[in-house]
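As the structure is a computational prediction, the values presented were derived from the model and not from experiment. All values below were derived from every heavy atom in this structure, side-chain atoms included, with hydrogens, water molecules and symmetry-related copies excluded.
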Amino acid sequence: MFEPVPSKVDFVQMERDTLKWWEEQDILTKYLHANDDSATTFSFIDGPITANNPMGVHHAWGRTYKDVFQRYKTMRGFKQRYQNGFDGQGLWIEVEVEKELKLNDKREIEDFGIDKFVELCKERVRRFAAQQTEQSIRLGYWMEWDNSYHTMSDENNYTIWRFLKVCHERGWIYEGTDVMPWCPRCGTGLSEHEIVTEGYQEIVHPGLYVRFPLIGRENEALLVWTTTPWTLAANTAAYVHPDLTYAKARTENGEVLYLLKSRLSELGAGHDVLEEMPGADLVGLRYKGPFDELPVQEGVDHRVVAWKEVKESEGTGIVHTAPGAGKEDFEISKREGLAVIAPLDDFGAFVDGFDWLTGKSVFEVNELIYDSLREKGILHRIEQYPHRYPVCWRCGTELVFRLVDEWFISMSELRSMIAEVAKKVTWIPSFGLGRELDWLRNMDDWMISKKRFWGLALPIFKCECGHFEVVGSETELKERAVEGLEQFEGHSPHRPWIDAIRIECSRCGERVARIKDVGNPWLDAGIVPFSTLGYRHDRAYWRQWFPGDLITESFPGQFRNWFYSLLTMSTVLENAEPTRAIHSYALMRDEKGEEMHKSKGNAIWFEDAAERMGVDAMRWVYCLHNPASNLNFGFGVADEARRRFMITLWNVYSFFITYANIDEFDPRNPAPPVEDRPDLDRWIISELNSLVRDVTRSLDAYATDPACRAAERFVDYLSNWYVRRSRRRFWKSAADEDKLSAHATLYECLVTLNKLLAPVMPFLTESIHRNLERRPGAAESVHLEAWPKENPSHVDPALSDAARLAMRLSSLGRSARSKTGLKVRQPLQKLLVGLRSKNEASALEAVSVQLLEELNVKEVEVMGPETEVSSFEVRADMARVGPKYGRDTPKVLSALSDADPTEVSALVSSGRPVPLGPYLLGPEEVVVNASDKEGYSVASEAGYTVAVTTNVTEELASEGSAREIVHRIQNMRRSAGFDISDRIETFYRGGAAAEAVFEAHDGYIRQETLSDVLTRGESPAAYTESHDLGGAEVTIGVRRL
RNA sequence: GGGCCAGUAGCUCAGCCGGUUAGAGCGCAGUCCUGAUAAGACUGAGGUCCGUGGUUCGAGUCCACGCUGGCCCA
């Protein structure tokens, strides 16, 4: 006996129960070790999740993929590592800890104590790692949770040292001066990766028009435009576009100004153009700078320089430049030999040499700058200028561009090496490779340093003498250390403890400290295929698991972040691909397709989602989706998944259990051989085996969506055709071979389907498995079962075709019937079927009984020429005609359209070829649709035609009434609260016509309603109702026997 | 300015190797069925498959050039 299954189900409660059962039975441990002795391995490398906040539903999406692929491979018998990872070093952690401590900037962190601060960072990571672990378990994500790796681990950090050492040995590490985007609050530079991700906001800045008086041209000035007033203090040059036309114009108040001709409107009305010239004519002119009185400006030669990127669409076409405060400006300054003035310190305040500006923040000097310009009489105008401007992606502070010393890995040699490695990876979706290569072509050298506290301690020791060294391991550090080892001992290789170490400069012998910088966090994640696989200590183990078989991560961003760092580090260390396949997916949006934001209120918390929609539904939505496109996620779509798929599946399962229990079906007994079962059974078994094949192929290719779509189609077949068509086989009283066959077939379908679904919906399938699978040798958990194997000998395309034909004809038949307005309960005499080709006649033969039942007709007949259908449409079957006749096709088509359709259809339906001038079309090459027929209701589609007779004879009407009566009695049985299998006595009383129906169909009514006897009259002991039967009143009573 | 991706029904999306009559779900209007039932089936309305040109007997599908949107880079 199976546990009875309620038709209504609380999936969420079921998930909680299943979680508890897994825990009690320690199923996870059994799963993790299921393939310990397997010779084949599958190496999944987990991209570490940032352990800085609770997990969201977008994380759940990615973690579902990770889980699904690993579960699938487990069922396939692959040995795996199941190691989860947490990412925990870097600025994003620092920012949150700063908020918790209410610290405002780097100086306050230093006052607070770097050691305490760093410990709190570690503590935060551990806290959220624990929470994310709990959430992941709720998601049904099965990993070896007490073996998760951390990027903040010593091993991870030291392995990065090893990588940096190799880079250094190849000469790729250098310290460079560059203008970098800089966050004055965080006091650190941002790499370009960080700035492009989420770094821009719409901000209103002043658009400032300033006159730069030309030297040697009295009363003439350049009209210059800028949106960053503070940079004027560091101005050293002005750009013009050499090819554009500039104008010299006199304004109403007599000033003579130069600017782009197309921007003359900036001067307002009433100006006179004195002269026009190309920008090239202005190049080389000298001007008086706006802040020449500042000490730093002493001796600076301000001149006009050509630059082809000057835009015509904004400003004046004359761009002020401060090479110490702009990235492109700095590059041009190197080319043109311009003076470079670096105005800002770490916190965005002016450095020494700026007189009254020194010590003031860039954010507070605008008014002072305007006053000074006004005083000098060179301020022309100020306007409001809204534009997109970069902000710090962690704290939202406006960035400044600042001249700094940072550490880089040179990409000039590596670039092409990485590209070659990238090509060895299978990218899913395939455009991933193109994106990665595009990034590789365009990227600059990799800036690896960050002037912060919590992160990889860059093992670079730079001496006053200019020499620097990279330490490659903890052993080397201890060997080289000449000071500070005692303070460091017992600590992780982090600031501040590691900063105590001094080594001896191998060039000059001085004692040298580590540079203060920490590392770019993508180093932390990129080293994982080495650090977590024992690269430094156990090469044999590492070789067993490297390269990985698969990683999966959200692609926006990762091409320049994790994918990039993985490829780079693996190229440097081994010149090998870190993973054989990279699976990636797009972004999650809300149900309306808008970005999810906590502040917008449309974000969904993982816990809410898990408790309201259930994680199986969530996982199903994820897996059904094409990962290359954004996923619009919410409660509505999950609800739909539950209704459309899960409840349908559950209903089939519940149906099976109900009848299996009634019939005491025992799956341990031998089932009838498949080849002896009826067509319907062999058909669904065939579909099942095709499903096994399709799902297996899809998951082998890391594609969940085609697998899920195939499963949906199968469940639809199972529910809306197999069970629907088999119901009477389960209802009937006789326990014969046919019934056993039906039970065995449905059982096999459910058990096999359940395994196929197990990776995607681990909870529902576990619940079904535990109830359904009682056979000897079955695993206690579905997740410990072996993956089903396709049995090709059970796949029969002819059965599939026949079933599809039956479904199609049924659908057309229902369409034809619905036009008559007669209920399906009313039997009709005849069904005429027009087939697309003669070959389908045998298929029709095979399914005609199903059609009779499904459409409630007495006979089915193939439509022939003798059936007098009044009008036909004939068409060529292009899939056959096109390839056969090639360029003659148009002639064949026109000949066919000229022919008489009635004659053509007569030939076709009798299976004879159709002569069309020089051509002879085979009957299978023509498609006939019949559109109308006297006395019939017709429906036609795609070459198939179905017609039903509309005439209801007295006999048919009586039978229809009998069916109606059965229907009413069935409902009464339910209203009376009888059990499905209760036997009853039925009483009836009404007019003569109605009573005649009972008498004429006595056997049928008794059989259908489990009535042992039909009694004319009424009984007080019976549950009694009055019914209107085609205008006549009938009183019916039912009594349990 | 360069690269990548997408554009199919009101919405969200399928559509394999080109086959002439393009599908699903949701939504809308209606009908039916119901011993799987807080489901299900069917019917209907709704489509210049972004545009233009090309290849082909035949193009939603392949090619070229555009347009629009998104992402990335400059």
Side-chain angles (χ1 to χ4, degrees), chain A residues 5 7-8 192 196-197 308-309 328 429-444 555-557 559-560 586-587 589 591-593 624-626 628-632 636-637 639-641 643-645 647-659 662 705-706 709 712-713 716 719-721 723-724 727-728 730-731 810-819 821-825 854 856 873 875-893 927 929 939-943 966-967 969-971 973-974 978-982 1008-1010:
Chain A
V5 172
S7 56
K8 281 188 253 177
E192 57 184 306
V196 291
T197 326
K308 295 206 170 185
E309 302 297 314
E328 287 158 334
S430 56
F431 61 73
L433 176 62
R435 292 222 180 150
E436 190 64 47
L437 293 177
D438 184 54
W439 164 253
L440 289 170
R441 269 191 299 276
N442 288 301
M443 72 190 175
D444 291 335
F555 58 68
F559 291 107
R560 56 174 185 276
L587 293 172
R589 296 284 160 81
E591 278 181 290
K592 294 181 208 138
L624 190 60
H625 182 74
N626 171 3
S629 66
N630 288 342
L631 168 61
N632 295 351
V637 290
D639 208 47
E640 191 190 320
R643 277 205 340 268
R644 273 191 53 222
F645 184 72
I647 290 187
T648 308
L649 174 61
W650 188 265
N651 284 339
V652 173
Y653 165 59
S654 164
F655 175 92
F656 168 79
I657 295 290
T658 304
Y659 290 97
I662 290 173
D705 47 324
R709 265 198 298 277
E712 278 198 341
R713 195 176 54 243
D716 183 56
S719 166
N720 290 325
W721 197 250
V723 170
R724 181 186 169 90
R727 271 186 292 196
R728 303 189 77 82
F730 291 97
W731 293 343
S810 296
S811 167
L812 281 168
R814 279 190 288 264
S815 170
R817 283 203 67 126
S818 82
K819 288 180 193 163
L822 294 168
K823 294 186 171 188
V824 176
R825 269 198 291 276
E854 187 69 22
N856 197 14
E873 261 177 30
R875 281 169 189 278
D877 183 350
M878 290 312 299
R880 293 173 193 275
V881 171
K884 183 167 167 189
Y885 296 94
R887 48 184 69 242
D888 285 347
T889 306
K891 292 178 198 157
V892 175
L893 292 182
V927 175
N929 278 349
S940 192
E941 179 191 68
V966 167
H967 167 58
I969 297 174
Q970 304 282 31
N971 283 342
R973 287 182 57 111
R974 259 206 295 178
F978 298 166
D979 199 72
I980 289 173
S981 52
D982 286 340
E1008 291 296 307
T1009 59
L1010 297 188

Separation of the [atom1] atoms in [N] and [M], to the nearest angstrom:
N: B/U8; M: B/U52; atom1: P; result: 16 Å
N: B/G19; M: B/C72; atom1: P; result: 36 Å
N: B/G18; M: B/G25; atom1: C1'; result: 27 Å
N: B/C65; M: B/A9; atom1: P; result: 26 Å
N: B/C49; M: B/U21; atom1: C1'; result: 15 Å

Nearest-neighbour nucleotide for the [X] side chain, [options] considered:
X: A/Val723; options: B/C5, B/A36, B/U12; value: B/A36
X: A/Thr889; options: B/C57, B/C5, B/U12; value: B/C57
X: A/Arg560; options: B/C73, B/A36, B/C5; value: B/C73

Start at the 5' end of RNA chain B and walk down; is the nucleotide closest to A/Arg724 or to A/Arg589 reached first?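 First, find each residue's nearest nucleotide; the 5'-ward one identifies A/Arg724.
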On RNA chain B, does the nearest nucleotide to A/Ala628 precede the nearest nucleotide to A/Ile647 from the 5' side, or the other way round? Give the residue.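 Result of the comparison: A/Ala628.
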For [N], the Watson-Crick or wobble counterpart (both distances under 3.5 Å):
N: B/A59; result: none
N: B/G44; result: B/C28
N: B/A36; result: none
N: B/A22; result: none
N: B/C49; result: none
N: B/A6; result: B/U68
N: B/A14; result: none

For this output row, return yes or no: ring centroids of A/Phe431 and A/Phe559 closer than 6.0 angstrom.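 No, the ring centres sit 6.0 Å or more apart.
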At under 4.0 Å between heavy atoms, what does [X] touch on the DNA or RNA strands: base, sugar-phosphate, or nothing?
X: A/Arg709; value: sugar-phosphate
X: A/Asn626; value: sugar-phosphate
X: A/Asp888; value: nothing

Could you tell me the separation between the [atom1] atom of [X] and the [atom2] atom of [N], rounded to a whole number of Å?
X: A/His625; N: B/C13; atom1: NE2; atom2: C1'; answer: 9 Å
X: A/Trp721; N: B/G40; atom1: CH2; atom2: P; answer: 18 Å
X: A/Glu436; N: B/C73; atom1: CD; atom2: P; answer: 12 Å
X: A/Arg441; N: B/G2; atom1: CZ; atom2: C1'; answer: 10 Å

5' to 3', nucleotides 25-30 of chain B under a 4.0 Å protein heavy-atom cut-off (B base, S sugar-phosphate only, - none) gives S-----
OP1 or OP2 of B/A41 sitting under 4.0 Å from any side-chain N/O of A/Asn720?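 Yes, because at least one side-chain N or O of A/Asn720 sits under 4.0 Å from OP1 or OP2 of B/A41.
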Quick check on B/G40: is either OP1 or OP2 less than 4.0 Å from any side-chain nitrogen or oxygen of A/Asn651?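 The answer is no; no side-chain N or O of A/Asn651 sits under 4.0 Å from OP1 or OP2.
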Determine whether any donor atom in the side chain of A/Ser719 lies under 3.5 Å from an acceptor atom in the base of B/A36, or the reverse, and answer yes or no.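 Indeed there is one.
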Looking only at non-hydrogen atoms, find the nearest pair between [X] and [Y] and report the distance.
X: A/Arg589; Y: A/Asn632; result: CB-OD1, 3.4 Å
X: A/Ala628; Y: A/Pro429; result: CB-CG, 3.7 Å
X: A/Val892; Y: A/Val881; result: CG1-CG1, 4.2 Å

What is the ring orientation for A/Phe655 with A/Tyr659, classed by angle as parallel under 30°, tilted 30 to 60°, or perpendicular over 60°?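 Rings of A/Phe655 and A/Tyr659: tilted, 30 to 60°.
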